[in-house]
Protein chains: 2
Amino acid sequence: MTETQKACNPGPATHDHRRCIATALREAEDLCRARAVNLTATRRRVLELVWQGHEPVKAYQIINNFRAGHQATKPPTVYRALDFLMENGLVHRIESLNAFVGCTRPENRHQADFFICTACHRVDEIDSGKIAATFEKLARQQNFTISHKTVEVYGLCRACHEKTGEQFHA
Amino acid sequence: MTETQKACNPGPATHDHRRCIATALREAEDLCRARAVNLTATRRRVLELVWQGHEPVKAYQIINNFRAGHQATKPPTVYRALDFLMENGLVHRIESLNAFVGCTRPENRHQADFFICTACHRVDEIDSGKIAATFEKLARQQNFTISHKTVEVYGLCRACHEKTGEQFHA
DNA sequence: GGACGTTATGTTATAATATAACGTTGATCA
DNA sequence: TGATCAACGTTATATTATAACATAACGTCC
């Protein structure tokens, strides 16, 4: 099991997700304080909504769920908050889904690559040292100079793969 | 004036892009005949427009440039044609750009990974045997079962990298 | 030969995603 | 105290994509 997963275990709803949210928010607060950037109430609320699960969340889900009490919000507010959160490595964008996911290890800035489960939609960051090396080697062969990348790998996570197996036996 | 055809993006050497287009269309015709699928005039025209360069082309560029004579078209027509072309491996979608690019080797069906130049926007398919192996190994470690992936690597192609170098000396 | 199925396209409307442009507020501080 | 700035509000609109239903063109089967 990788370090990425921390307290949360694979598969939907098998853990107390409130702890994931609390941890993510606390880490975000600490990091923003340390970096002297401003984690405002709006940004904090958006981060909380991104963390409503381990699945990617769409911008308009956030917009629609934003109202706390009876305050609504509008697209630019949420997109700005998402920009801030991405700049600060607290949230990643999943390009192939037009969606956003909380970063599980924001303390070290990184570009993330992802495994995305097509069954439960859980996203895990790939530990990407080896991937980077592979790409660098290929790039050198073509004289290509890499700056950044989008890597989103789809398939079944362990839990869902096992469930599928169960279905075959049922 | 249309958004068509800024001269071809160099890549290694400047080339006569009309030949690229002609080749792509001919190969498409051959493949569709061999597979007994129907490369209609609409689909052929969309493919031609996707091939207006080696850069990704947006759906609405295609829609706006579609008129041959004075016939316009509407989004569903073009999206349907793109779906057909993608199903038949003649076109790939670049997820992180919401854009489409002609496939350079449609004769063998494949999922493609890409190098995308941030300067000239040229796209090249990565020969991805090694990439797949690397991902498979990582996936096994996490008990993840891969089905497909999006890999889009950004940076400078050789030509643009060299140009940038020149600029630094200028 | 005409009813029917199939494939592809046309048409209308709208959904879903994202940003431009400009206005307001409240904190800070010279 | 008023200039500045960061953050957010507001309005409008741009961009990307699809749903839903209508029509056309063609083959086929009785």
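Computed from a predicted structure; not experimentally measured. Below, read A as the first sequence line, B as the second, and so on, with proteins coming before strands; counting in each chain starts at 1.
- Residues A:Cys103 and A:His110 approach most closely at SG-CE1, 3.2 Å, considering heavy atoms.
- The listed nucleotides are D:dA7, D:dT10, D:dG9; the one nearest the side chain of A:Lys74 is D:dT10.
- Across all strands shown, A:Arg44 has no heavy atoms under 4.0 Å from either base or sugar-phosphate atoms.
- Side-chain atoms of A:Tyr60 come within donor-acceptor range of the base of C:dA18, with a qualifying N/O pair under 3.5 Å.
- Rounded to an integer number of Å, the gap from B:Ile94 CD1 to D:dT16 P is 15 Å.
- With sequence neighbours left out, the side chain to side chain contact (heavy atoms under 4.5 Å, CB included) criterion links B:Lys130 to A:Thr134, A:Lys137.
- Annotation: side chain to side chain contact (heavy atoms under 4.5 Å, CB included) contacts of A:Arg26 (sequence neighbours excluded): A:Thr23, A:Asp30.
- Qualifying salt bridge (charged side-chain N to carboxylate O under 4.0 Å, His left out) partners for A:Asp83, counting only residues two or more places apart in sequence or in other chains: none.
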Using a 4.0 Å heavy-atom cut-off, write out nucleotides 24-30 of chain C from 5' to 3' as B (base contacted by protein), S (sugar-phosphate only) or - (no contact).
-> -------
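- Atom CZ of A:Arg122 is separated from atom CZ of A:Phe114 by 12.5 Å, given to the nearest 0.5 angstrom.
- The side chain of B:Arg45 contributes no N or O atom lying less than 4.0 Å from OP1 or OP2 of C:dT9.
- Atom CD of A:Gln61 is separated from atom C1' of C:dA16 by 12 Å (rounded to the nearest Å).
- The separation between A:Asp83 atom CG and D:dC8 atom C1' is 14 Å, rounded to whole Å.
- With distances taken from any side-chain atom of A:Thr77 to the nucleotides C:dT19, D:dC8, D:dA17, the minimum falls on D:dC8.
- Taking atom CD1 on B:Ile62 and atom C1' on D:dT15, their separation rounds to 14 Å, with Å as the unit.
- In this structure A:Ala119 satisfies the side chain to side chain contact (heavy atoms under 4.5 Å, CB included) test together with A:Cys117, A:Leu156, A:Cys160, sequence neighbours excluded.
- OP1 or OP2 of C:dT17 sits under 4.0 Å from a side-chain N or O of A:Lys58.
- Residues meeting the salt bridge (charged side-chain N to carboxylate O under 4.0 Å, His left out) test with A:Glu136, sequence neighbours left out: none.
- Proximity of residues 32-41 of chain B to DNA chain C (heavy atom under 4.0 angstrom from any strand atom) is restricted to B:Asn38, B:Thr40.
- Residues passing the salt bridge (charged side-chain N to carboxylate O under 4.0 Å, His left out) test with A:Arg109: none are found, sequence neighbours excluded.
- Taking the six-membered ring where tryptophan is involved, the planes of A:His148 and B:Tyr154 are essentially parallel, since the angle between them stays under 30° and well short of 60°.
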What protein N or O atoms touch nucleotides 19-21 of chain D N or O atoms at under 3.5 angstrom, if any, and at what distances?
{"unit_1": "D:dA20", "atom_1": "N6", "unit_2": "B:Arg80", "atom_2": "NH2", "d": "3.4"}

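- Between B:Arg43 and B:Asn98, it is B:Arg43 whose nearest contact on DNA chain C lies nearer the 5' terminus.
- Atom CG of B:Asn64 is separated from atom C1' of D:dA14 by 13 Å (rounded to the nearest Å).
- A:Thr145 meets the side-chain hydrogen bond (donor to acceptor under 3.5 Å, both in side chains) test with B:His161; sequence neighbours excluded.
- B:Ile63 has its CD1 atom 16 Å from the P atom of C:dT12, to the nearest Å.
- Protein atom CZ of B:Phe100 is 9 Å distant from nucleotide atom C1' of D:dA17, rounded to whole Å.
- For the salt bridge (charged side-chain N to carboxylate O under 4.0 Å, His left out) test, no residue two or more places apart in sequence or in another chain qualifies with B:Arg80.
- For the salt bridge (Lys or Arg N to Asp or Glu O under 4.0 Å) condition, the pairs that include at least one residue of residues 86-108 of chain B, sequence neighbours left out, are B:Arg93-B:Glu95, B:Arg105-B:Glu125.
- For A:Tyr79 and C:dA20, a side-chain-to-base donor-acceptor distance below 3.5 Å is absent, hydrogens and geometry of angles not being considered.
- B:Phe66 has its CZ atom 12 Å from the P atom of C:dT11, to the nearest Å.
- The side chain of A:Pro75 has C:dA18 as its nearest neighbour among C:dA18, D:dG9, D:dA17.
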